[in-house]
Engineer: 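Can you read through this structure? Questions will come right after.
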Amino acid sequence: MIIFGISSKQQARPAGEFQCPVCGMRRTYAELRTSQRFTLFFIPVLPLGSSRSGRVICTACQSEFSAGAVGV
């Protein structure tokens, strides 16, 4: 029996600065990306690619926002 599938992982990659609505200050933000990998016996074997999720996260307060809502 061979067990295979696809796993997804979300990563935050530093991208720039913006005015955080929660902090009220100019802060660094990270862009959230989702990467997918082919797995064999639950072990990631082959990267299938990554995509932007359209979400950003403030690196100071960890609040998550839509990229369009904060003007990024």
Side-chain angles (χ1 to χ4, degrees):
M1 176 194 286
I2 297 177
I3 300 174
F4 62 92
I6 296 175
S7 68
S8 296
K9 182 178 180 182
Q10 199 171 51
Q11 296 175 326
R13 296 191 178 171
E17 288 187 355
F18 77 128
Q19 183 73 25
C20 179
V22 176
C23 297
M25 300 182 72
R26 191 128 183 98
R27 299 287 189 180
T28 307
Y29 72 90
E31 182 180 53
L32 293 175
R33 290 182 173 237
T34 303
S35 60
Q36 293 184 329
R37 293 182 179 262
F38 175 78
T39 60
L40 185 62
F41 294 107
F42 305 103
I43 300 171
V45 178
L46 182 67
L48 298 176
S50 65
S51 63
R52 294 180 181 182
S53 65
R55 310 282 300 163
V56 296
I57 187 167
C58 176
T59 57
C61 68
Q62 302 299 311
S63 297
E64 191 175 318
F65 308 99
S66 170
V70 292
V72 175

Engineer: Rounded to the nearest 0.5 Å, how far does CD of Gln36 lie from OG of Ser8?
Structural biologist: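 Interatomic distance, Ser8 OG to Gln36 CD, rounded to 0.5 Å: 4.0 Å.
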Engineer: Nearest heavy-atom pair of Arg27 and Cys20: which atoms, and what distance?
Structural biologist: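 Result for this residue pair: CG-CB, 4.1 Å.
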Engineer: If every non-hydrogen atom of Pro21 is compared with every non-hydrogen atom of Phe18, which pair is closest and at what distance?
Structural biologist: CD-CE1, 4.2 Å
Engineer: Rounded to the nearest 0.5 Å, how far apart are CD1 of Ile57 and CD of Glu31?
Structural biologist: 12.5 Å
Engineer: Identify the heavy atoms of Val56 and Tyr29 that sit nearest to each other, and give their distance.
Structural biologist: CG1-CD1, 3.7 Å
Engineer: Can you name the closest pair of heavy atoms from Gln19 and Gly24 and give their distance?
Structural biologist: NE2-O, 3.1 Å
Engineer: To the nearest 0.5 angstrom, please state how far the CZ atom of Phe38 sits from the CD1 atom of Ile6.
Structural biologist: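 Spacing of CZ (Phe38) from CD1 (Ile6) equals 8.0 Å.
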Engineer: Nearest 0.5 Å, please: how far is OG1 in Thr39 from CG in Leu48?
Structural biologist: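 Rounded to the nearest 0.5 Å, the CG-OG1 separation comes out at 9.5 Å.
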Engineer: With hydrophobic residues grouped by side-chain heavy-atom distances under 4.5 Å, do Val45 and Ile3 end up in a single group?
Structural biologist: yes
Engineer: Determine, step by step, whether Lys9 and Thr34 satisfy the side-chain contact (heavy atoms from CB on, under 4.5 Å) criterion, reporting the C-alpha distance in whole Å, the side-chain angles of both residues, the deciding distance to 0.1 Å, and the verdict.
Structural biologist: CA-CA 6 Å; Lys9 182 178 180 182; Thr34 303; over 6 Å; no
Engineer: Got a second to check how far Ser35's OG is from Arg13's CZ, nearest 0.5 Å?
Structural biologist: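 Rounded to the nearest 0.5 Å, the OG-CZ separation comes to 7.0 Å.
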Engineer: Are Arg26 and Glu17 within salt-bridge range, i.e. N to O under 4.0 Å?
Structural biologist: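 Looking at Arg26 and Glu17, the cut-off is met.
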Engineer: Quick check: are there more than 12 heavy atoms from other residues, nucleotides or ligands sitting under 6.0 Å from CZ of Phe41?
Structural biologist: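 Above 12, so yes.
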Engineer: Using the rule that Ile, Leu, Val, Met, Phe, Trp and Tyr join whenever any side-chain heavy atoms are under 4.5 Å apart, tell me whether Phe4 and Leu46 fall into a single cluster.
Structural biologist: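 Same cluster: Phe4 reaches Leu46 through Ile, Leu, Val, Met, Phe, Trp or Tyr contacts under 4.5 Å.
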Engineer: Taking all non-hydrogen atoms of both residues into account, name the closest pair between Thr59 and Thr28 and its distance.
Structural biologist: OG1-O, 2.9 Å
Engineer: CD/Gln10 to CZ/Arg55 distance, rounded to the nearest 0.5 angstrom?
Structural biologist: 9.0 Å
